[in-house]
2 protein chains.
Amino acid sequence: MRMTALPPPWDSVDDRLRARGLRWTPQRATVIEVLAEADGHVSGAELVERCRLRDPSTIPSTVYRTLDVLEELGLVRHGHGPDGREEFHVRPVEEHGHLHCAECGNSWELGNERAAAVADALRATDGFEIDIGHVTLVGRCRDCAAGA
Amino acid sequence: MRMTALPPPWDSVDDRLRARGLRWTPQRATVIEVLAEADGHVSGAELVERCRLRDPSTIPSTVYRTLDVLEELGLVRHGHGPDGREEFHVRPVEEHGHLHCAECGNSWELGNERAAAVADALRATDGFEIDIGHVTLVGRCRDCAAGA
DNA sequence: CTGTCTATTGCAACGTTTCGCAATAAGCCT
DNA sequence: AGGCTTATTGCGAAACGTTGCAATAGACAG
Ligand SMILES: [Mn+2]
Ligand SMILES: [Mn+2]
Ligand SMILES: [Zn+2]
Ligand SMILES: [Zn+2]
């Protein structure tokens with residue numbers, strides 16, 4: 001039923017699962033087909049919705065549990081949007097952070113190099129290695145801060 | 001029924017509300033009595049629970065709506081824990097951030113001075129004024145990063 | 001191909017928070 | 001004290017996830 005083979009790093013998920021004593025199921029295949037077509041970010045609810053398009057019998061808890069195992073395999077990583085809701089970074093996106101302006105509501109990505117400055121500041125003060133992609137940093141953007 | 005007067009900044013909330021055309025209700029009084037006894041942080045659910053102790057007829061949606069109003073007045077500010085769930089900073093706590101280690105599960109506060117280093121880094125790279133208290137920064141603590 | 005083992009699923013219930021809407025009651029003016 | 005206006009409440013439903021449990025079905029060995 002699948003027209004094309006999955007692109008890396010999704011092409012061998014089945015074997016990677018079995019190698020860990022886990023199982024390859026049709027439900028997991030659906031989730032992975034959808035993820036392979038996603039472009040970087042998906043929320044849990046969005047993913048459930050898109051899976052339901054392919055397979056109307058999709059059950060939310062199964063999708064969320066699949067996301068948990070894929071996160072253990074390092075194929076997705078969850079983070080949190082400005083409202084704290086979960087969102088998933090889907091490989092192969094480059095590691096990056098998110099900025100959100102509470103005033104105008106706009107969001108920006110914080111590239112790896114610029115994120116490094118933040119990481120350095122925390123490492124220096126606390127020895128803390130921040131996972132910059134995990135939470136969305138909230139504040140005011142340059143423009144909104146200027147017009148205050 | 002109240003034994004003691006509320007301490008500042010809670011003592012004049014009723015007038016502050018009325019000055020804005022808003023109303024002073026028994027439900028709001030309950031929420032504020034509980035907040036005045038809280039020591040810095042409360043989650044929405046905790047607050048609902050504590051209100052129910054004083055008034056078993058407490059309704060969650062009323063508590064959450066009251067929190068919205070109090071946030072507009074600047075008496076509380078919401079943030080997000082490591083899992084993205086809302087938590088409220090109750091005045092008069094000093095502005096501060098939160099660090100959470102995803103490996104050992106410990107959390108620390110990030111005092112104002114040390115948070116300034118992070119804020120400076122973002123201001124320099126993006127002109128972004130971070131609200132450091134809004135989200136919990138997740139990563140690995142010094143000890144966990146060392147034993148990797 | 002069959003049987004065993006147990007990871008995974010479906011389902012239903014729960015926890016937290018938001019929303020719409022009709023009924024209630026603060027606040028204010030006379 | 002009585003009446004008007006409309007902010008607020010209570011309530012039911014919904015959105016988003018998580019969890020426990022019994023039934024199902026992958027994986028693998030014989
Ligand atoms: Mn927020
Ligand atoms: Mn998280
Ligand atoms: Zn802005
Ligand atoms: Zn740690």
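Chain identifiers are assigned alphabetically (A, B, ...) following the order of the sequence lines, protein sequences preceding nucleic acid strands; residue numbering begins at 1 within each chain.
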(message) Do A:His98 and A:His89 pair up side chain to side chain, a donor and an acceptor below 3.5 Å, judged on atom types alone?
(response) yes

(message) Side chains of B:His78 and B:His134: any donor to acceptor distance under 3.5 Å?
(response)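 A donor-acceptor contact under 3.5 Å links the two side chains.
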
(request) For A:Glu86 and A:His80, run side chain to side chain contact (heavy atoms under 4.5 Å, CB included): C-alpha distance rounded to whole Å, both residues' side-chain angles, the deciding distance at 0.1 Å, then the answer. (result) CA-CA 5 Å; A:Glu86 249 176 353; A:His80 302 271; 4.2 Å; yes

(request) Output all residues satisfying ring-ring contact (aromatic ring centres under 6.0 Å, His included) with A:His100, sequence neighbours left out; order by chain, then residue number. (result)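 None.
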
So, the side chain of [X] versus the backbone of [Y]: is there a donor-acceptor pair under 3.5 Å, distance only?
| X | Y | value |
| --- | --- | --- |
| A:Arg85 | A:Ala45 | no |
| A:Thr30 | A:Pro26 | yes |
| B:Arg16 | B:Trp10 | no |

Send over the distance from [X] [atom1] to [N] [atom2], rounded to a whole Å.
| X | N | atom1 | atom2 | answer |
| --- | --- | --- | --- | --- |
| A:Asp14 | D:dA27 | CG | P | 9 Å |
| B:Tyr64 | D:dA15 | OH | P | 18 Å |
| A:Leu47 | D:dG17 | CG | C1' | 13 Å |

(message) Which heavy atom of B:Val63 sits nearest to which heavy atom of B:Cys51, and what is that distance?
(response) CG2-SG, 4.5 Å

(request) Note the angle between the end axes of the helix from C:dC1-D:dG30 to C:dT30-D:dA1, five pairs defining each, rounded to 10 degrees. (result) 10°

(message) Which residue in the set A:Val76, A:Leu35, A:Val48 passes side-chain contact (heavy atoms from CB on, under 4.5 Å) when paired with A:Val42?
(response) A:Leu35

(request) For nucleotides 2-13 of chain D, just jot down a letter per nucleotide in 5' to 3' order: B, S or -, based on protein non-hydrogen atoms under 4.0 Å. (result) ---BBBSBBB--

(request) Kindly work out whether a path of hydrophobic side-chain contacts (I/L/V/M/F/W/Y, heavy atoms less than 4.5 Å apart) joins B:Ile59 to B:Val34. (result)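 Not linked; separate clusters.
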
(request) Specify the residue among B:Pro26 and B:Glu46 whose closest nucleotide of DNA chain C lies further upstream toward the 5′ end. (result)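 Nearer the 5' end of the strand: B:Glu46.
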
(message) Check this for me: does any side-chain nitrogen of one of B:Arg50 and B:Glu37 sit under 4.0 Å from a carboxylate oxygen of the other?
(response) no

(request) Kindly write out the residues that satisfy side-chain hydrogen bond (donor to acceptor under 3.5 Å, both in side chains) with B:Arg52, not counting sequence neighbours, or none if the list is empty. (result)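 For B:Arg52, no residue satisfies side-chain hydrogen bond (donor to acceptor under 3.5 Å, both in side chains) once neighbours in sequence are set aside.
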
(message) If we check salt bridge (Lys or Arg N to Asp or Glu O under 4.0 Å) with B:Arg77, which of these qualifies: B:Glu87, B:Glu95, B:Glu71, B:Glu94?
(response)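 Exactly one pass, corresponding to B:Glu95.
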
(message) Can you give me the first and the last nucleotide of DNA chain C (5' to 3') that has an atom within less than 4.0 angstrom of a non-hydrogen atom in chain A?
(response) C:dT6 to C:dC11

Would you list the protein and nucleotides 28-30 of chain D atom pairs, both N or O, that sit under 3.5 Å from each other?
none

